[in-house]
Every structure is written in structure tokens, then in C-alpha cells.
Colleague: 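Here it is, the structure in full.
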Amino acid sequence: MFTEQGPTVRELAVQALSSIERGYDLLAPKFDHTPYRTPDRVLDAVTDEVRRLGPFDTGLDVCCGTGAGVGVLRQLCRERVVGVDFSAGMLAEARAAFPPRGEERAGEAPAVDWVRADARSLPFAPAFDLALSFGAFGHFLPAERFGLFAEVHGSLRPGGQFVFPIGAPPPVGSRAYWTLLGFDVAMRVRNALWRPQFVMYYRTFRLGDVLEDLTRAGFAVRLTPLTELGRRPDGSPRARLVVATRE
């Protein structure tokens, strides 16, 4: 599916009928050949915008998957970068993509570490200047979102920043609108009929609710337009960067 190197329809069906963790373990070897990986243009736009907020010594990629966000952090952080995910398969792919520091020339890149853990219970003291995440929030139910943000807050030093892109909702009635709605309905039907659940409800990640939960978790929040990703016909940005600061 998607490319010759990507998963087959059968493989995607097996993944979709698994738990989130098992599903991503199965998908991991071919994940980067699917549209689920964050596009490079989004990664580049976030990198350019976050660079203005630095400098940073340490960075955390929350729900790192195969490591796309770690690649961003390696450009922004000077000392140490950590990727955390609960899928052993995704972490294995990420480790293969980013060699240990000892295999690179000293001083050219920060040290990279990988931690297997649930983002709802992060095993870190306040040690990071920067945390980011790409494309993972649809896997958390709205009731879990505050707890997730609180865990990130507790992993940041005072003044540390939690950043992530958020796209503008598609216009009602557009093809993208109906596609997202259809996917959401399909996932809810699947979870009503099959166990274990596979949570992926991207329409539940609404900006107003997200900002409220970040504030409740102790962040001061502002939005920055990601102008590199273009504007909608009404002039508003197609995507914004959420910048949440631990005060």
C-alpha cells in the first residue's frame, strides 16, 4: 500500500485488529514508507520555527516512533536527545536509523538515547529544555490528554518548552473533512465490535480543548503560524506551532 515498500492491505488489516502497541510493532519495519510518517516539509517548518526559540541543550521526542522528531532535535540540541515510545518495534527502527554518538565524529551531534515507556507515565525527572511530538495525539482519548501534558510538564526544566504542530481543521463538506469523518466513524465501529481497542481519533484533538488542557497542566501557551506550510483561502495559516512553556 502507498509504495512498493509499504505494507500490504493484509498487513494493515492485521495491524488494525491489534492493540496500538502490537499494531505498531507489526507496522514498524514499513512505517516510513506510509503517509503516517510526518512529511519532511512539516519537520523542516517546525525545525526552522523552533530554532528561533533556542538555544537548547537537551530534547525529548514524546511518542518518537521511528525517530523523525529525534532528527529534528538533533539539529536543535547541543548535548542530549531522548526518544520515548512504548512500541519496541518502532524503537528498534529508530535505533537503526540513528547511530550511537561513538560512531560519529565527536562534537558534531548530541548523544541520542532511546527509552521504552508509556507517555502517560514518563520516567524522567525535570531534565529537558525542549520536548516535541509529531502525529501521536490521536492515540490518546480526550480524558487522557491532561495527564499526558502533565507528564511532559514534569519532564521539563523551568523555562522548558513543549512544542508541536497543529493543522487547521478542514472546511466542512470538503473531501478532507469527509475523509477524516469516515475514518473516525470506522474506528469507532471497529472499537465497538473488537477488542483490544485501537485508539486513533484525530478529530478529537481540537485546538481550544488542547490549549485548555495545557494551561491546566501548568503551561503558558502561545501559537505561532507555520508560514512555510502556506495559508488557507481566508488568509489564516494552514498550521500553527503550539509553544507551551513551563514557568
Colleague: What's the shortest heavy-atom distance between P237 and A168, and which atoms?
Modeller: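 That would be O-CB, 3.9 Å.
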Colleague: For the CZ atom of R145 and the CG atom of D213, what is their distance to the nearest 0.5 Å?
Modeller: 4.5 Å
Colleague: Can the ring centres of F219 and H153 be said to be less than 6.0 Å apart?
Modeller: yes
Colleague: Do NZ/NE/NH1/NH2 and the carboxylate oxygens of D129 and R157 come within less than 4.0 Å?
Modeller: yes
Colleague: Looking at R80 and D113, is there a salt bridge between them, counting it only when a charged N and a carboxylate O are closer than 4.0 Å?
Modeller: yes
Colleague: Does NZ or CZ of R188 come closer than 6.0 Å to the centre of the six-membered ring of Y201, within 45° of the ring's axis?
Modeller: yes
Colleague: Cation over ring, R216 on F146, under 6.0 Å and within 45°?
Modeller: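 So R216 does make the cation-pi contact.
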Colleague: Looking only at non-hydrogen atoms, find the nearest pair between P165 and S133 and report the distance.
Modeller: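 Scanning both residues, the minimum pair turns out to be CD-O, 3.8 Å.
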Colleague: Can you tell me how far apart OG1 (T224) and CZ (R52) are? Round to the nearest 0.5 Å.
Modeller: 9.0 Å
Colleague: Using the rule side-chain contact (heavy atoms from CB on, under 4.5 Å), only one of V152, V210, V62 pairs with F164; which is it?
Modeller: V210
Colleague: When you check the gap from the basic side-chain N to the acidic O, do R120 and E144 get nearer than 4.0 Å?
Modeller: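 Between E144 and R120 there is a salt bridge, with a charged N closer than 4.0 Å to a carboxylate O.
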Colleague: Looking at every non-hydrogen atom in both residues, tell me the closest pair between P225 and E49 and how far apart they are.
Modeller: O-OE1, 4.1 Å
Colleague: Could you tell me which non-hydrogen atom of P170 sits nearest to which non-hydrogen atom of S174, and how far apart they are?
Modeller: CB-OG, 3.7 Å
Colleague: For D85 and S87, test the side chains for any donor-to-acceptor distance below 3.5 angstrom and give the result as yes or no.
Modeller: no
